[in-house]
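Report on one structure; see the data block that follows.
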Amino acid sequence: MSLADTEREIEALLFAAAGPLSEADLVKRLPEGADVPAALATLAERYRGRGVELARVAERWRFQTAQDLAWLMTDEREEPRRLSRAAQETLAIIAYHQPVTRAEIESVRGVQASRGTLDVLLELGLVRMRGRRRTPGRPVTYGTTDAFLEHYGLASLADMPGAAEMRVAGLLNLDLPADFAVPDPNAISLDEDPLDDGDAPEFHTDYLGKE
Amino acid sequence: MSLADTEREIEALLFAAAGPLSEADLVKRLPEGADVPAALATLAERYRGRGVELARVAERWRFQTAQDLAWLMTDEREEPRRLSRAAQETLAIIAYHQPVTRAEIESVRGVQASRGTLDVLLELGLVRMRGRRRTPGRPVTYGTTDAFLEHYGLASLADMPGAAEMRVAGLLNLDLPADFAVPDPNAISLDEDPLDDGDAPEFHTDYLGKE
Amino acid sequence: MSEGFQPGLDFDAARTAADDGEALIVDVDGYEGPLHVLLALARSQKVDLLKLSVLKLAEQYLVFVQEARRRRFSLAADYLVMAAWLAYLKSRLLLPKPEQPKGEEAPAEEIAARLAFRLAKLDAMRTASEALNTRAILRRDVFTRGDPEAIRVIPSGRIEGDLYSLMSAYIGQRTKETSRRYTPPVVTTYPLEDARDRLRRMLPDLDRWTPLAGVAPFGPSDQGPSRASFLASTLSASLELVKDGAMEARQLEAFADVFLRATAGRST
C-alpha cells in the first residue's frame, strides 16, 4: 500500500471522526502495514498554512481551522431561529384557529400560554395582533403574518393543509372523535373588530391577563 | 485581497460549518470583494482526489469524505433507516414529477398510496408539501426538500439521474394517461385531477357508462 | 372512508402473513398491485414497453390471476378489477372494429397504448429509484465532518421547522385535548345515618336549647367531610328526629341560628 493511500485514508478518518484520534486508533482502523506516522507527517505538511490545519493535541490528531482565521468564525456566528416546542405549538394553534384569543390558545393547549411564548412569535414576526373579539373584555385576537406564509412556503392561508392532508400524512388517528374538525384559517371571522391604528394593547387587560 | 486568502477562508468556513453553505452565505461572511466562485473552483480542484472532497449539494457547498473510502467509515456509519420499496418508488415519482398530487402518484403506481409511504417520507424530511394545485378541490402538491438533495448528494434537481432522457421520451409528462384509469373499487376519488381544457365530465356518460 | 378497508389489500400485510407461515406462499416478489404485476410480465417479454403487445400481456395477466386463485391465494380486489378490465380490453382488441365508433368510447388501440405508456412510466420510476440508490448517499457512502463540538458556523437562512412539524405540533395538541379527562376530587360527606345515630346517643344530654353549630361534630379540618357537610347532615337528621317526636327545633327568625333540644319527658 502506498503512502499516498494511507494519507488519503487518514484524512478521511480524521475528518469524519467525532473526536481527535490517536495513532493507535488510526493503526487499528487502517489496513495492516500502513505507515501511520509517515502519512501523518506528510499530511501535516500538506495542510500547513491552509485554512484548515492538522493539529496534535494530547497525543491525538485532529483537523482544526487555522488560528489566524478565528475572526471569521466568532464574529459572524448566527443562531438559527429555533422555535421552542411551546412556541411551535402555540404557532400551530394560532395558524389554524385564527383569529384566536390568548384564552382560546390556552384552552386548546391545556396550559397557560406564557407571555414569553407569544412575545417570541410576535417578535419573530410570525404572529400579529389582528383585532379585538366582540365579547366582554374585548380581548385581542392573534393571527399569522405574511412572514409566516413565506416561512412555510404557503401562497395563502387557504393553502394550509387541512384534515384530509393530515390524514394522508399519518397524523390523524382513527380514535379521534367523529366530530373532530380542523378549522379553516381562511374563514372570515364576524365577531372580530379590526385593530384601529394606534389601538395599542392595554397593559392591564392584555398583558396581565385575568380574563 | 488575494484569491489564495479567499480560498483559505472559505476552506475554514466550510470546515467549521454545521451544514452546507451557499455562495451567498460565504459572500456574507467574507470581506467585501472576495471572489467566491473563483475561490470555490480552485478549492474544489485542490481537494480533487483527496480523502476529503468539496461537493455541491442542494446548491450549497460542503466537504465530505471520498466515496471510495466508504469502507473505512464503519464507526461513523449510521444504521440507515431502510425505505420500503413502495416508499422509494413514491420518492422517485415525487422527485421527478414535482409538484405532484397524491392522486397523480397513485395513478403512476397503480395502487393507492398506503399509509406509511407518504408519511414516512414526510417525517424523514425528504418530502414536503409544496402548495396546492390550482384546480377544483385544490389538492395539495408534494415535492422534495433540500434534505433529499443532500442525502443523495445532488447539486440540484436538474441533476436527477436520467431526467433528461425521461423528459425526451415524454415519460415525465403527467397529462398523457389522464383519462386512462383502472376502475377504482373504492369509488370516485374526489381529489383526482379533472380533465384538461375545462372539459367537465358528464355524469351519465362518464360515470354510469352507456350501453 | 377507505382506511379500514385498504390495509386488507396491502401486499405488505400479505407478505408478513406469508412470513409468519399463516398464508399460502405465492412469490409476488414485491408486487404491490396490478400495474406492478403487469410490469413484471411486460419485462419478461423483453420488448420496448411502448411497443408492447397489450393483448399478449392481458392473456398472461389473466393466466397469472387464474393460477394465483387456483392456489387459493387470497387475491386482492385490485387484481380482479384489473383482470376484468383487461379481459374487456382484450375482447375489444379481438373484435372487428365497428364501422362507426360508439359514442365517446376511445378506440381499444388507444387505450392499449396508454396502458403501455403507464407501464413504461412506472418502469422508468423504478429504474430511477435504483439509480438514486447507487449515488453517493450521505452517511452511507460519504461522510461530513464528525466532530459536533467543533462546529462554529451555522448556515443561515435555513428554515427551522417545516409545515409538517407545524401540523404535527397542532395535531399533537388537539389529540391531547380530546383525550383529556376531568377527574374532580371525590367529596366525602358526613353520612346521614351517622348523624342520626349520633343525635340519638346525644338526646339524653340535650335537655336544653342548644345551637345546631354546637350539636354538629367537628372533624379534622384537612381531611374527611367539611364543616358544612357536618352541619347539613346534622340538621337533616335532627329534622327526622323532630318528625319522630323525639326532638324539638326552633328558629326565631329567618337566617337566625337553629336551636335543638330533646322533647321533654321523652328520653330514649
Side-chain angles (χ1 to χ4, degrees), chain A residues 12-20 62-65 70 72-74 76-83 85-97 107-111 148 150-154 159-163 165-167 169-177 179-182, chain C residues 1-13 15-16 32-33 78 125 135-185:
Chain A
L13 277 175
L14 287 179
F15 176 78
R62 72 162 184 222
F63 282 117
Q64 61 184 36
T65 53
L72 261 178
M73 310 294 142
T74 45
E76 313 205 10
R77 171 172 178 155
E78 232 175 275
E79 292 295 339
R81 300 158 147 199
R82 175 170 279 124
L83 291 179
R85 192 194 152 103
Q88 171 100 262
E89 288 177 359
T90 305
L91 180 60
I93 293 169
I94 293 175
Y96 278 99
H97 290 257
S107 98
V108 176
R109 293 202 65 214
V111 286
F148 166 85
E150 209 173 295
H151 184 97
Y152 288 100
L154 295 164
D159 287 351
M160 288 278 296
E165 288 81 34
M166 291 180 179
R167 187 164 288 118
L171 290 170
L172 284 186
N173 295 320
L174 293 174
D175 53 0
L176 284 171
D179 59 349
F180 182 87
V182 173
Chain C
M1 205 76 341
S2 63
E3 237 97 37
F5 178 53
Q6 184 62 17
L9 299 179
D10 202 335
F11 273 75
D12 284 326
R15 225 172 300 134
T16 316
E32 215 193 306
D78 276 8
M125 286 302 116
R135 292 191 59 86
I137 289 175
L138 193 60
R139 285 184 288 278
R140 185 189 78 181
D141 305 313
V142 297
F143 299 84
T144 52
R145 206 167 130 232
D147 184 1
E149 296 284 301
I151 283 169
R152 290 192 292 174
V153 173
I154 293 174
S156 63
R158 281 281 161 124
I159 290 172
E160 290 250 343
D162 56 4
L163 209 48
Y164 182 72
S165 58
L166 189 75
M167 287 159 59
S168 314
Y170 178 72
I171 281 307
Q173 296 177 89
R174 290 297 303 276
T175 317
K176 211 167 57 198
E177 175 196 19
T178 57
S179 63
R180 208 186 297 152
R181 296 268 182 278
Y182 175 57
T183 45

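First the proteins, then the strands, lettered A, B, ... as listed; each starts at 1.
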d(C:Met167 CE, A:Tyr96 OH) to nearest 0.5 Å is 5.0 Å
Find the distance between OH (C:Tyr170) and CE (A:Met160) and round it off to the nearest 0.5 Å.
8.5 Å
Between atom CZ of C:Phe143 and atom CG of A:Leu13, what is the distance when rounded to the nearest 0.5 Å?
10.0 Å
